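Below is one structure, written out as structure tokens; comments come after it.
The structure presented is a predicted model; accordingly, all values stated were derived computationally and were not measured.
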Amino acid sequence: AVSGICCSVTTSLNAQLEDAINDRHDLYVYSSDFRRASELLTNEVRAYAVTGNTAYYDNYLLELETTKTREVSLALMEYIGITEEEVEIISEVDRMSNILIPLEKQAIALVERDNLEGAYTVLYGKGYVDGEHKIKDAIDRFNEAVQTRMTKKVESIQGSVTVSTAITYVALAVTLVVQIMLMMFVLKELIVPITKIERKMMQFARGNMHEPFDIKESNTETWCAWINGADDYGLGVYVPNIDPHKAGRYLFDGSKRDMA
């Protein structure tokens, strides 16, 4: 029972460990997607400001209004589970992104008026560049916080799995030893005496009725009985700490007087 419980606990911990490893991987993927989406918005709007090529503007709008990779990634991370501290870092990123959006719109408007130089100045100016760096730094802090937390969680579960596995092996070893001891007990206390009684019965069948049972003291109580026809029976018994008993054929009237 103990080894079974240990096996169940170890199985459960292994499942938790697998889940934690998968969550750590997924959080890394989603946080990386979040970062790449932020960089994509910046790169596409800057490319549009420098070249005036509407393909870059289309890519910018696609991510901003349709794909929304940042929003999807954040929702997936929240579904897995992030701490209040990590949520606060993401909220900081969101606030800084909202500060940059008006500058991006200003640059886009300048491009539409064929003022590429003005658009360039806005998107490569100190205000936008500082905001961009703050967003990157915040995302890096978020990634580091998530990975540090998940790594500690994985290591903690791994430690529990190691301890539980060791306990399970010990429990299995103890169970094996107990089973071996039980088998030895059954062999010594049951099988061997029964075998000796069987041999004694063969002696009885050959007419040897008065030899003692060859059973050592400290054995558990051993009985044997038989019926021969309708008028006599035989009975043999050994009880620990009592002198050896003889077995033979006795009257069938219950008196246990020796027929011989």
Side-chain angles (χ1 to χ4, degrees), residues 1-26 80-81 149-260:
V2 175
S3 58
I5 293 173
C6 290
C7 287
S8 297
V9 171
T10 302
T11 300
S12 176
L13 287 172
N14 275 316
Q16 293 178 35
L17 177 60
E18 183 177 358
D19 289 341
I21 292 173
N22 290 336
D23 287 346
R24 180 175 64 177
H25 173 266
D26 291 343
I80 293 174
R149 174 175 61 85
M150 292 305 299
T151 297
K152 288 181 179 179
K153 181 178 180 179
V154 169
E155 290 175 348
S156 175
I157 298 176
Q158 282 177 330
S160 298
V161 169
T162 300
V163 172
S164 179
T165 300
I167 293 174
T168 299
Y169 282 136
V170 171
L172 289 173
V174 171
T175 301
L176 180 60
V177 170
V178 170
Q179 288 179 340
I180 292 174
M181 293 176 64
L182 180 60
M183 291 174 61
M184 293 176 65
F185 172 81
V186 170
L187 179 63
K188 179 181 178 181
E189 303 293 340
L190 296 177
I191 303 301
V192 171
I194 290 173
T195 302
K196 291 180 178 180
I197 291 172
E198 182 181 8
R199 288 199 298 265
K200 182 57 63 178
M201 295 294 291
M202 296 297 294
Q203 291 179 5
F204 291 164
R206 291 194 293 268
N208 185 355
M209 301 294 182
H210 300 286
E211 291 296 326
F213 278 101
D214 181 20
I215 301 177
K216 296 180 180 179
E217 293 185 8
S218 80
N219 285 98
T220 55
E221 180 177 290
T222 304
W223 289 82
C224 68
W226 65 94
I227 295 176
N228 183 17
D231 58 354
D232 67 279
Y233 68 92
L235 178 66
V237 64
Y238 173 81
V239 180
N241 302 320
I242 296 181
D243 291 337
H245 285 60
K246 288 188 176 182
R249 300 173 66 191
Y250 299 88
L251 294 175
F252 196 64
D253 59 5
S255 66
K256 299 184 181 179
R257 287 182 290 114
D258 194 336
M259 290 181 65

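Residues passing the side chain to side chain contact (heavy atoms under 4.5 Å, CB included) test with Asp26 are Tyr30, Ile80, sequence neighbours excluded. Listed by chain and residue number, Thr151, Gln158 satisfy the side chain to side chain contact (heavy atoms under 4.5 Å, CB included) test with Glu155 (two or more places apart in sequence, or in another chain). Shown here are the salt bridge (charged side-chain N to carboxylate O under 4.0 Å, His left out) partners of Arg149, two or more places apart in sequence or in another chain: Glu86.
With rounding to the nearest 0.5 angstrom, the CD atom of Glu18 is 10.5 Å from the CG atom of Asp23.
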